[in-house]
Amino acid sequence: MNVLVTGGAGYIGSHTCVELLNAGHRVLVIDNLCRSNPEALNRVRKITGKELLFRRIDLLDYDPLLAALREFSPDAVVHFAALKAVGESVRMPLTYYENNLAGTLNLCRAMSAVNCKNLVFSSSCTVYGNPARVPVTEASPTQNAECPYGRTKLFVEEILRDAAAADAAWHIALLRYFNPVGAHPSGLLGEDPRGTPNNLLPYIALVAAGKLPELSVFGNDYPTPDGTCIRDYLHVVDLAKGHLAALDGLPRFAGARAWNFGTGAGVSVLEVIAAFASVSGKKIPYKIAPRRAGDVVATYADPTRAREELNWSAELPLAQMCADAWRWQTQNPDGY
Ligand code: NAD
Ligand code: UDP
């Protein structure tokens with residue numbers, strides 16, 4: 001298949017390109033590189049030994065986007081391109097709505113123009129907010145998110161559902177990722193945040209490397225077994241493979257359908273710290289800090305639907321996620 005990958009130079013997109021190329025697909029990445037480094041694309045080429053097409057295009061620029069789709073003639077699109085920093089979205093809500101909503105609308109318009117209506121969309125467990133019950137199934141209610149970033153995911157899901165309801169030619173997968181972490185086992189691809197990371201795993205990796213003095217654990221007085229928040233961390237390579245499963249499954253499902261992508265296991269912040277320390281052999285100094293505003297207390301997936309309908313399950317354990325994140329950190333101390 002010809003698969004167009006928006007945001008393919010980013011963290012999850014680059015790992016997914018590896019899996020797509022290894023499965024024999026022809027891949028075009030469209031990315032404006034606003035949050036990524038083109039070296040990631042070279043690393044994908046190096047890992048796979050395959051050709052990877054790339055056009056530097058902003059999804060907000062409709063004409064070049066349409067021209068690229070006409071030329072490539074995609075059979076399906078995997079749509080990662082978005083801004084994703086929670087705090088930044090609170091400070092710059094209009095930028096987030098424009099980029100994530102208008103970017104998606106332009107993409108759908110261009111797809112319609114070339115008659116490609118197979119779409120895999122990167123959604124997030126953030127659409128469930130602070131869930132009343134865990135594990136979270138796809139039938140759990142979506143809730144108004146805590147931040148503009150989260151709302152862009154909720155709004156795009158709704159827009160895509162409306163599009164699919166109006167036109168049966170659309171097949172749309174709404175993939176609700178839980179917490180993707182880790183890196184490619186080669187050590188060549190990984191998460192490369194700009195500045196000080198906001199997310200737990202990249203922060204821990206920098207503390208283990210001695211580049212940051214200590215981790216702040218945001219709250220240890222939550223109603224959880226050790227008092228810290230619970231998340232469902234999944235290996236980015238498992239997640240990347242899930243996109244292949246979703247592409248395979250698309251023709252079997254009419255309209256827009258949501259799938260949870262997680263392991264099904266809830267893991268606390270202190271458990272992640274212990275796992276990373278054990279795998280890296282490094283001390284991870286940490287202090288207990290106040291709760292972070294807007295943090296969800298506990299969320300983890302019920303991944304049954306993805307297993308039964310897409311034949312996909314996350315397989316790699318937490319130790320492997322930490323080992324691969326640590327390999328990426330040590331082999332690329334300054335990122336790409
Ligand atoms: P990332 O920032 O590494 O990658 C996003 C890519 O999109 C970047 O390469 C960026 O340059 C590109 N991009 C952004 N706006 C663009 C635009 N207007 N035009 C063209 N390219 C544009 O992020 P990621 O972690 O790989 O996340 C990929 C997707 O998965 C995002 O939609 C994100 O919201 C979603 N998601 C991520 C997580 C996570 O924890 N990483 C969790 C749930 C959902
Ligand atoms: N966390 C933390 N210190 C940090 C970063 C994160 O204690 O420096 C905690 C955070 O409160 C949450 C968990 O780690 O409970 C995962 O946070 P992350 O930002 O990685 O993911 P999200 O909250 O978006 O699921």
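Counting starts at 1 for both ligands and their atoms, following the listed order. We're numbering straight along the sequence, starting at 1.
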Practice item. Report yes or no: does D31 have a heavy atom closer than 4.0 Å to ligand 1? Key: yes
Review point. Counting each atom of ligand 1 from 1 as listed, which ones have a heavy atom of S124 under 4.0 Å away?
Key: 43 (C), 44 (C)
Exercise for review: Please determine if K153 has a nitrogen or oxygen closer than 3.5 Å to a nitrogen or oxygen of ligand 1.
Suggested key: yes
**Study point:** Identity of the nearest option to atom 30 (O) of ligand 1, non-hydrogen atoms only, from Y11, F261, Y177
**Key:** Y177
Check your understanding: Hey, is ligand 1 close enough to I30 that some N/O pair sits below 3.5 Å?
Key -> no
Review point. Got the closest protein heavy atom to atom 17 (C) of ligand 1, with its distance?
Key: N32 ND2, 3.3 Å
Exercise for review: Around atom 33 (C) of ligand 1, find the nearest protein heavy atom and jot down its residue, atom name and distance.
Suggested key: Y149 OH, 3.6 Å
Study note, to complete from the structure: for atom 41 (N) of ligand 1, nearest protein heavy atom and its distance come out as K84 NZ, 3.6 Å
Study note, to complete from the structure: protein heavy-atom neighbour closest to atom 15 (N) of ligand 1 works out as N99 ND2, 3.1 Å
Study note, to complete from the structure: Residue set satisfying ring pair (Phe, Tyr, Trp, His ring centres under 6.0 Å) with Y300, at least two apart, ordered chain then number -> none
**Study point:** E191, any N or O under 3.5 Å of ligand 1 N or O
**Key:** no
Review point. Which word best sums up how the rings of F253 and W259 line up, parallel for under 30°, tilted for 30 to 60°, or perpendicular for over 60°?
Key: perpendicular
Practice item. Could you see which bit of S123 sits under 4.0 Å from ligand 1, with heavy atoms only: side chain, backbone, both or neither? Key: backbone
Review point. Can you tell me which residue and heavy atom of the protein come closest to atom 37 (C) of ligand 1, and the distance to 0.1 Å?
Key: I12 CD1, 3.7 Å
Short N or O contacts of ligand 2 with protein, under 3.5 Å, listed by atom name?
| from | atom 1 | to | atom 2 | distance (Å) |
| --- | --- | --- | --- | --- |
| ligand 2 | 3 (N) | S216 | O | 2.7 |
| ligand 2 | 7 (O) | S216 | O | 3.4 |
| ligand 2 | 7 (O) | F218 | N | 2.9 |
| ligand 2 | 11 (O) | D295 | OD2 | 2.5 |
| ligand 2 | 17 (O) | R292 | NH2 | 3.4 |
| ligand 2 | 19 (O) | N199 | ND2 | 3.2 |
| ligand 2 | 19 (O) | R292 | NH1 | 3.4 |
| ligand 2 | 19 (O) | R292 | NH2 | 2.9 |
| ligand 2 | 20 (O) | N199 | ND2 | 3.3 |
| ligand 2 | 20 (O) | L200 | N | 2.9 |
| ligand 2 | 21 (O) | N179 | ND2 | 3.1 |
| ligand 2 | 23 (O) | R231 | NE | 3.4 |
| ligand 2 | 23 (O) | R231 | NH2 | 3.2 |
| ligand 2 | 23 (O) | R292 | NH2 | 2.9 |
| ligand 2 | 25 (O) | N179 | ND2 | 2.9 |
| ligand 2 | 25 (O) | R231 | NE | 2.7 |

Review point. Touching ligand 1 at all, R176? Heavy atoms, strictly under 4.0 Å?
Key: no
Study note, to complete from the structure: Sorted by chain and number, sequence neighbours left out, side chain to side chain donor-acceptor pair (under 3.5 Å) with N99 holds for none
Exercise for review: Looking only at protein heavy atoms, identify the closest one to atom 28 (C) of ligand 1 and say how far it is in Å.
Suggested key: F80 O, 3.7 Å
Point to revise | P180, A9, S36, G10: member with heavy atom nearest to atom 4 (O) of ligand 1 | key: G10
Check your understanding: In the protein, what heavy atom is nearest to atom 5 (C) of ligand 1, and what distance, to one decimal place, separates them?
Key -> A82 O, 3.8 Å
Practice item. Quick one: list whatever passes side chain to side chain donor-acceptor pair (under 3.5 Å) with N106, sequence neighbours left out. Key: none
Point to revise | ligand 1 to L59 polar contact by distance, N or O atoms, under 3.5 Å | key: yes
